[in-house]
Protein chains: 2
Amino acid sequence: MQDFTHSMSMMLYRALNGVMPRFRAIFSEFGVTETQWRVLRILWERKRIGFRELGELSLIPAPSLVGVIDRLCRDGLVERERSTQDRRQVDILATAAGQALEAQVMPAVSNAYAELSGALDKQTHAHLMAGLSALANLAHAPHQSAAPNPPRTLTGSQ
Amino acid sequence: MQDFTHSMSMMLYRALNGVMPRFRAIFSEFGVTETQWRVLRILWERKRIGFRELGELSLIPAPSLVGVIDRLCRDGLVERERSTQDRRQVDILATAAGQALEAQVMPAVSNAYAELSGALDKQTHAHLMAGLSALANLAHAPHQSAAPNPPRTLTGSQ
DNA sequence: AACTATTTATTAACATATTAATGAATAATC
DNA sequence: GATTATTCATTAATATGTTAATAAATAGTT
């Protein structure tokens, strides 16, 4: 087996460490975290979106998203609105202040992203995205356990 | 500009979401978290290692590593030992129980990793690793700010 | 030697991830 | 139409990430 520090998962983390700091530096100048940014980025394209779909698109798990929305509400950037059709559901929408942020933050971010893409030649970039896509689409097949007493719950699925 | 949900950073997160769950499922069966696993994985190759280097190899930031080591100590898997040369430094080493875990967990993990590698053809895998390596080696060049009043500290470096 | 600057691990404060559980609302089945 | 099962957002508990600050020890400088 090869070196652990260069295993697939570690290389993925290493890549994120190489990419994200420059973006977080921009976000922090405007008082938003990376996770909050992800939510806002989606709300700028979809004026109104359901809590669940927002979580799927932003890759933020539901329990985390609750707190993220809480803080964005606290800061006056988004609002909750309970659905009238199904009163379990909650829609999220950006306030005027939340919408205004787009014009302020996007230039710097687009610039940084262009700079990032420019650091890789077309070939490398294309191959990289293809590989990442392949990993993302791997089936989450439950593996064969080797544990003595698997502490599984009886609730069945997921 | 392209779709945000398929930007480089989101694809990196998506890839991790595709890869890590199967490993975390294994770790949890042995009562260790993914982060604790990374520490142990390194200690199995280096009987004794300095706190700082451990943080660099495991990609765990120092403040997080303090707590991770605390909990590994609590569970009797590792031990702290203050250096005699430089009494600021702390070495970390695995206990007998910590070392014993290797033989129990590695088979399942190696198996899962082989299964993962097998899901990608050699070409894709090689290109992917090359791309990730390129991203990891990007210089963390401080960007040009567009913020009105950059709230930077005066501590300079880092 | 005294003073200053740097390094090392740690703490503090806040935000997020992970897993399991809960309450309210809706859907399914009887 | 009452019971049961499922969905949805949320809470709870624990672990980790992020940024800034701190205390102790060492290194550098005068």
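The structure displayed is predicted, hence computed values, not measured ones. No hydrogens, no waters, no symmetry mates; every other heavy atom, side chains included, goes into these values.
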Closest to the A:Pro63 side chain, choosing from C:dT10, D:dT16, C:dA20
C:dA20
Among D:dT16, C:dA17, D:dA12, the nucleotide that comes nearest once only the side chain of A:Ser64 is considered
C:dA17
Spell out, yes or no, whether B:Leu93 and B:Val39 are grouped together once hydrophobic residues are joined by side-chain heavy atoms under 4.5 Å, including indirect joins.
no
If only side-chain N and O atoms of [X] are considered, is one of them under 4.0 Å from the OP1 or OP2 phosphate oxygen of [N]?
X	N	result
A:Thr35	C:dA15	no
A:Arg52	D:dA9	no
B:Thr33	D:dT16	yes
B:Ser28	C:dT18	no
A:Arg80	D:dC8	no
B:Arg71	D:dT16	yes
B:Arg24	D:dA15	no

Side chains of A:Met20 and A:Glu34: closer than 4.5 Å at any heavy-atom pair?
yes
B:Arg14 atom CZ, neighbour heavy-atom count above 12 within 6.0 Å
yes
When you check the side-chain N and O atoms of A:Asp121 and A:Thr124, is any donor under 3.5 Å from an acceptor?
yes
Between side-chain atoms of residues 67-79 of chain A and protein atoms elsewhere (two or more places apart, or another chain), which donor-acceptor pairs fall under 3.5 Å?
from	atom 1	to	atom 2	distance (Å)
A:Asp70	OD1	A:Arg80	NH1	2.9
A:Asp70	OD1	A:Arg80	NH2	3.0

Tell me the interatomic distance from [X], atom [atom1], to [N], atom [atom2], rounded to whole angstroms.
X	N	atom1	atom2	result
A:Leu16	C:dA17	CG	P	13 Å
A:Ile49	D:dA9	CD1	P	11 Å
B:Glu56	C:dT7	CD	C1'	13 Å
A:Phe27	C:dA15	CZ	P	17 Å
B:Tyr13	C:dT16	OH	P	12 Å
A:Ile60	C:dT19	CD1	C1'	18 Å
B:Leu72	D:dT14	CG	C1'	14 Å
A:Ile69	D:dT10	CD1	P	9 Å

With the criterion being N/O to N/O and under 3.5 Å, what pairs connect the protein with nucleotides 24-27 of chain D, and how long is each?
from	atom 1	to	atom 2	distance (Å)
D:dA25	N3	B:Arg88	NH1	3.4
D:dT26	OP1	B:Arg87	N	3.2

Of A:Glu53 and B:Arg38, the one whose nearest nucleotide on DNA chain D sits closer to the 5' end is A:Glu53
Can a donor-acceptor pair be found, under 3.5 Å and without considering hydrogens, that links the side chain of A:Tyr113 to the backbone of B:Met8?
yes
Of the non-hydrogen atoms in B:Met10 and B:Thr5, which two are nearest, and what is the gap between them?
CB-O, 3.6 Å
Correct closest heavy-atom pair for A:Glu102 and A:Pro107 would be O-CD, 4.1 Å
Looking for any heavy atom pair under 4.0 Å, which part of the strands does B:Glu34 touch: base, sugar-phosphate only, or nothing?
nothing
Which is true for A:Leu65 with a 4.0 Å heavy-atom rule: it touches a base, it touches only sugar-phosphate, or it touches nothing?
nothing
